[in-house]
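What follows is one structure encoded as structure tokens, with my remarks underneath.
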Amino acid sequence: MTVRVRFAPSPTGFMHLGNARTALFNWLFARHHGGQFILRIEDTDRERHTEAAVQVIYDSLKWMGLDWDGPVLRQSERLSIYHEIAERLIAEGKAYRCTCTREELEAKKEAMKATMNRACYDRTCRDKNLGPDCGTHVVRFKMPLEGESTFDDMIQGKITKKYSDLDDFIMVRSDGMPTYQFAVVVDDLALEITHVIRGADHIDNTHDQIALYHALGKEPPRFGHAPRIDGLSKRKGSPSVEYYREALGLLPQGLINYIVRLGWSHGDDEIFTIPDLIKAFDVDGINRANGEFDEEKLKWVNEQQLRLVSLETLADHVLPLYEKKGVKLERGPELDKLLEMMRKRAHNLNEIVDDSMFIFRAPESYDEASVAKHFNAETPALLRELASSLSEVGTWNEAEIEAAFARVAASSGLKMGKIAQPARTAIVGIAQSPGIYEVVYFVGREETLARLERAAKFAETK
RNA sequence: GUCCCUGUCGUCUAGAGGCCUAGGACAUCGGCCUUUCACGCCGACGACACGAGUUCGAAUCUCGUCGGGGACGCCA
């Protein structure tokens with residue numbers, strides 16, 4: 001039996017992190033077992049499901065690298081199928097039409113709550129055998145009255161619920177649209193889904209759905225309910241893939257690595273490449289208790305991935321960010337060298353870009369603290385001596401640049417730190433940067449000399 | 001309220017009866033490295049929710065208590 005799983009989001013306009021993890025679990029499960037990962041858009045209800053919102057789903061999935069198999073299924077395109085199956089269940093006495101109004105329902109629930117201590121439908125229409133001409137109505141499922149529903153959850157183990165605690169849920173709304181509860185089963189059947197991995201908030205629904213499978217004479221798929229991610233809603237921005245990606249300068253590998261480990265583990269392993277994950281992932285590693293989202297650890301994992309991915313991959317993500325800043329860069333050994341230098345110290349993509357802008361733009365001002373600490377009366381002369389030494393460098397490379405610094409150190413009798421820090425302040429604008437020789441190399445000879453002279457003039461005024 | 005799931009350091013977790021005076025990771029604190037900032041390295045702090053049972057022996061099994069989350073929609 002080939003494994004077939006699906007990710008079935010409803011288009012809300014953003015990809016919630018919890019949803020992203022559900023998608024990831026399913027995708028990894030499919031890839032691990034050599035199965036298929038199907039994408040289905042749950043757009044049964046509402047006009048607010050815009051095309052733009054659907055596009056967000058595609059974009060997020062693509063960014064994460066979660067490719068899906070086969071065509072995308074849209075529930076909105078399958079209405080006649082739902083109707084057909086609903087009619088069949090009515091004809092077989094497994095479902096029924098109900099004409100109770102919303103107002104009546106509300107009153108009934110209140111009453112049931114008072115007498116039975118349970119808010120549910122009182123099944124007024126269950127045995128009325130209402131025909132299609134009964135006027136405005138919904139279609140309800142005829143839930144068994146006695147016994148219990150049990151299923152073996154791949155993550156949570158055996159889960160049992162009494163049928164008497166289950167309601168005659170609505171399958172088709174009065175406007176003719178199927179409810180989620182009904183459409184999911186019909187679609188999962190049509191798609192021949194073998195395993196359903198989803199959020200734990202669906203545990204109770206599962207009993208309804210399994211009852212439906214039985215009514216249809218079908219075997220239900222295996223279910224696995226993953227715990228929820230807590231601590232997400234109290235964030236400033238929307239707790240979405242898009243938000244964290246931008247705000248934290250995330251690499252998809254970073255997000256994926258963090259998110260998969262929140263609720264799943266493989267011994268003491270922390271950092272995984274995507275191929276690692278495909279090999280190691282399975283449902284038995286998924287935990288049962290909810291997890292608390294921790295932005296600090298997400299940052300750290302992302303940082304580790306920053307150092308792990310190929311320079312080509314890194315360039316893919318960093319090039320557009322540079323372009324946003326008005327810096328167009330070409331791929332090649334120079335860019336690789338730049339990224340190699342930056343990825344060692346940066347915590348995220350944004351930092352790589354921001355902290356390397358000094359290469360492309362001369363400082364507009366000098367950091368006050370740096371100036372106070374590293375500039376003094378001798379600074380102008382020192383910077384000019386360094387400039388002169390650098391102008392004599394033959395081949396422009398780090399070794400030669402270092403030699404130029406060493407000559408200044410020898411002639412001035414100053415320790416390297418006393419030269420590097422003023423130079424750094426002069427060239428970068430602040431006394432914090434990558435190694436000074438690399439900095440000088442990337443800024444280039446002409447520009448370095450210009451910046452040194454400008455800083456020397458500035459230092460004279462102090 | 002009823003029902004369902006769940007409970008190891010602040011957080012993510014290892015742990016499937018003796019290997020546990022409970023291991024790893026993030027964060028925090030201290031130190032080292034260093035021309036800066038980072039990185040890296042070393043160390044410290046820090047948990048089996050509680051109570052009964054089962055057993056020679058329990059973080060691991062059972063029950064109860066308490067805590068956390070979820071479901072109770074003509075939302076998905």
Side-chain angles (χ1 to χ4, degrees), chain A residues 8-12 19 42-46 49 75 98 100-102 105-106 109 112-114 116-120 136-140 153 155-157 159-162 164-167 169-181 183-184 198-207 225 227-228 230-231 258 261-271 287-301 303-304 307 342-347 351 355 370 373-374 405 409 414-425 428 430-437 439:
Chain A
S10 70
T12 56
N19 265 80
E42 311 252 311
D43 55 357
T44 40
D45 152 82
R46 358 202 133 178
H49 287 169
Q75 291 191 325
C98 167
C100 296
T101 65
R102 291 170 202 258
L105 248 31
E106 218 163 294
K109 282 194 178 174
M112 291 297 279
K113 201 170 172 179
M116 310 269 300
N117 211 349
R118 196 167 84 80
C120 64
T136 304
H137 65 273
V138 299
V139 177
R140 284 180 182 275
D153 193 281
I155 297 164
Q156 310 284 351
I159 297 178
T160 302
K161 196 154 184 170
K162 293 201 242 354
S164 57
D165 283 325
L166 261 21
D167 218 347
F169 66 90
I170 292 174
M171 293 163 41
V172 182
R173 294 190 267 251
S174 53
D175 66 359
M177 296 297 269
T179 59
Y180 160 80
Q181 204 67 320
V184 179
R198 60 198 345 181
D201 45 335
H202 287 290
I203 288 180
D204 290 312
N205 288 338
T206 307
H207 298 283
H225 291 91
R228 296 171 49 93
D230 290 333
Y258 173 71
R261 276 283 292 103
L262 213 193
W264 172 85
S265 59
H266 186 75
D268 283 337
D269 298 342
E270 295 283 351
I271 302 300
N287 295 94
R288 312 205 293 184
N290 290 180
E292 184 88 10
F293 177 72
D294 180 5
E295 195 171 303
E296 292 309 315
K297 187 146 186 182
L298 166 57
K299 287 179 184 168
W300 178 81
V301 171
E303 188 181 327
Q304 302 306 308
R307 314 225 165 91
M342 296 309 295
R343 89 202 297 199
K344 281 188 294 202
R345 57 202 318 109
H347 299 95
E351 267 187 33
D355 293 354
S370 302
K373 193 164 181 192
H374 303 297
F405 270 78
L414 290 171
K415 283 193 169 179
M416 201 49 94
K418 293 289 181 193
I419 302 169
Q421 289 303 78
R424 198 174 251 122
T425 306
V428 180
I430 187 168
Q432 287 163 23
S433 79
I436 188 66
Y437 313 131
V439 164

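First the proteins, then the strands, lettered A, B, ... as listed; each starts at 1.
- Per the geometry, CG belonging to L105(A) stands 12 Å off P belonging to C75(B), to the nearest Å.
- Atom pair R424(A):CZ and U35(B):C1' shows a separation of 6 Å (rounding to whole Å applied).
- As rounded to the nearest Å, C9(B) and A49(B) have C1' atoms that lie 13 Å from one another.
- Regarding contacts with the backbone of A14(B), a side-chain N or O of S265(A) is found under 4.0 angstrom from either OP1 or OP2.
- Rounding to whole angstrom units, CG of residue D201(A) and P of C75(B) are separated by 17 Å.
- Whole-Å rounding puts the K299(A) NZ to C12(B) C1' distance at 16 Å.
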Criterion side chain to side chain contact (heavy atoms under 4.5 Å, CB included) on Q156(A) and R288(A), from CA distance to verdict: CA-CA 6 Å; Q156(A) 310 284 351; R288(A) 312 205 293 184; 3.7 Å; yes

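- If you check distances only, the side chain of D204(A) does reach the base of G70(B) with a donor-acceptor pair under 3.5 Å.
- Between N19(A) atom CG and C75(B) atom P there is a gap of 19 Å when expressed in whole angstrom units.
- Salt bridge E303(A)/R307(A): present, at least one basic N to carboxylate O contact under 4.0 Å.
- Under the Watson-Crick or G-U wobble criterion, with both distances below 3.5 Å, C3(B) is paired with G70(B).
- The side chain of A289(A) approaches U6(B) more closely than any other nucleotide in the set C75(B), U6(B), U36(B).
- Remark: the R261(A) side chain and the U13(B) base include no donor-acceptor N/O pair separated by less than 3.5 Å.
- Here C4(B) is the nucleotide among C4(B), G10(B), C74(B) with the atom lying nearest to any side-chain atom of I159(A).
- Looking at S174(A), its side chain comes within 3.5 Å of the base of C74(B) through a donor and an acceptor atom.
- F169(A) has its side chain out of reach of N205(A): every pair of non-hydrogen atoms, C-beta onward, lies at least 4.5 Å apart.
- Judged by Watson-Crick or G-U wobble contacts below 3.5 Å, the nucleotide C41(B) has G31(B) as its partner.
- Closest to the D294(A) side chain, of the nucleotides U6(B), C74(B), G10(B), is G10(B).
- Across all strands shown, nothing is found opposite U60(B) as a Watson-Crick or G-U wobble partner with both distances under 3.5 Å.
- Checked by distance alone, K297(A) brings a side-chain donor or acceptor within 3.5 Å of a matching partner on the base of A25(B).
- Each of A76(B), C3(B), U6(B) was ranked by its minimum atom distance to the side chain of K161(A); first place goes to C3(B).
- Base pairing analysis places C26(B) opposite G10(B); the two distances defining the Watson-Crick or G-U wobble pair are each below 3.5 Å.
- In this structure, L298(A) places its CG atom 14 Å from C1' of A25(B), rounding to the nearest Å.
- As a whole-Å value, the separation of D175(A) CG from C74(B) C1' is 7 Å.
- The base of G24(B) lies close enough to the side chain of E270(A) for a donor and an acceptor atom to sit less than 3.5 Å apart.
- Nearest-nucleotide positions on RNA chain B place D165(A) closer to the 5' end than the other of G291(A) and D165(A).
- Looking at the side chain of K109(A), the nearest of the listed nucleotides G23(B), C72(B), G70(B) is C72(B).
- With hydrogens and angles ignored, no donor-acceptor pair closer than 3.5 Å exists between the side chain of N290(A) and the base of G68(B).
- Comparing the same atom, P, in C32(B) and in A16(B) gives a spacing of 40 Å after rounding to whole Å.
- Distances shorter than 4.0 Å separate none of the side-chain N or O atoms of H266(A) from OP1 or OP2 on U13(B).
- Listed nucleotides A38(B), C74(B), U35(B) differ in distance to Q421(A); the shortest reach to its side chain belongs to U35(B).
- For the pair R345(A) CZ and C39(B) C1', the computed distance is 7 Å after rounding to whole Å.
- Between K344(A) and L262(A), the residue anchored nearer the 5' end of RNA chain B, judged by the nucleotide with its closest heavy atom, is L262(A).
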